[in-house]
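Below: one structure, written as structure tokens.
For ligands, and for the atoms within them, numbers begin at 1 and follow the listed sequence. Quick caveat, the model's predicted, so the values are computed rather than measured.
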Amino acid sequence: MVKVLFVCLGNICRSPMAEAVFRHHAVQHGIADQLEIDSAGTGHWHVGNLPHNGTLSVLASNGILTNHRARQIHPRDLNHYDYIIVMDRDNKRDVELLGLGAADVRLMMEFGPDSGPDEVPDPYYTGEFGLVFELVEAASLGLITEIKQRLA
Ligand code: 4NP
């Protein structure tokens, strides 16, 4: 099993989108049964909530569903997961402030094209859910390539 946790600030926009897109492609690549996939926020404000309507609608228009409910990252996650994939450097700092675990804490866009941005911008403020979808989809495919090598 390879365990992957996607993390953003609120766990209602970026990380639940990344979780759903990554799971969708993991199914297509036939590796979903070898993965444990979840998402969480560094903040607590939206715990228990469904994703933002912008996230739900861009997912739905790409044929992807989610029933994720927001949760806050817990220090135990740092040892449970193999990868903690954060959307931006603030998320990385906030995760690292929780302590040090076995998980590899990586920026999502490290798995994206070299020509692209190195952080996933927050659509809660920008409204650019379509752009975020394109970024997390490209990076999800890169992450799947890395994990397939690990599973091989
Ligand atoms: P996310 O976006 O981190 O991509 O889920 C945000 C959602 C909520 C807030 C900030 C960012 N907020 O301040 O409530």
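Taking the charged nitrogens against the carboxylate oxygens, Asp77 and Arg71 do have a contact shorter than 4.0 Å, which makes a salt bridge.
Protein residues with a heavy atom under 4.0 Å from ligand 1 are Cys8, Leu9, Gly10, Asn11, Ile12, Cys13, Arg14, His46, Asp122, Tyr124, Tyr125.
Leu97 CG: more than 12 foreign heavy atoms inside a 6.0 Å radius. Counting non-hydrogen atoms of other residues, nucleotides and ligands closer than 6.0 Å to CG of Asp33 gives a total above 12.
Under the side chain to side chain donor-acceptor pair (under 3.5 Å) criterion, Asp88 pairs with Arg14, Asn91, sequence neighbours left out.
When each of Phe22, Tyr83, Tyr81, Phe111 is tested with Phe6 by the rule ring-ring contact (aromatic ring centres under 6.0 Å, His included), just one qualifies, namely Phe22.
Counting only distance, with no hydrogens or angles, the side chain of Thr55 and the backbone of Pro51 share no donor-acceptor pair below 3.5 Å.
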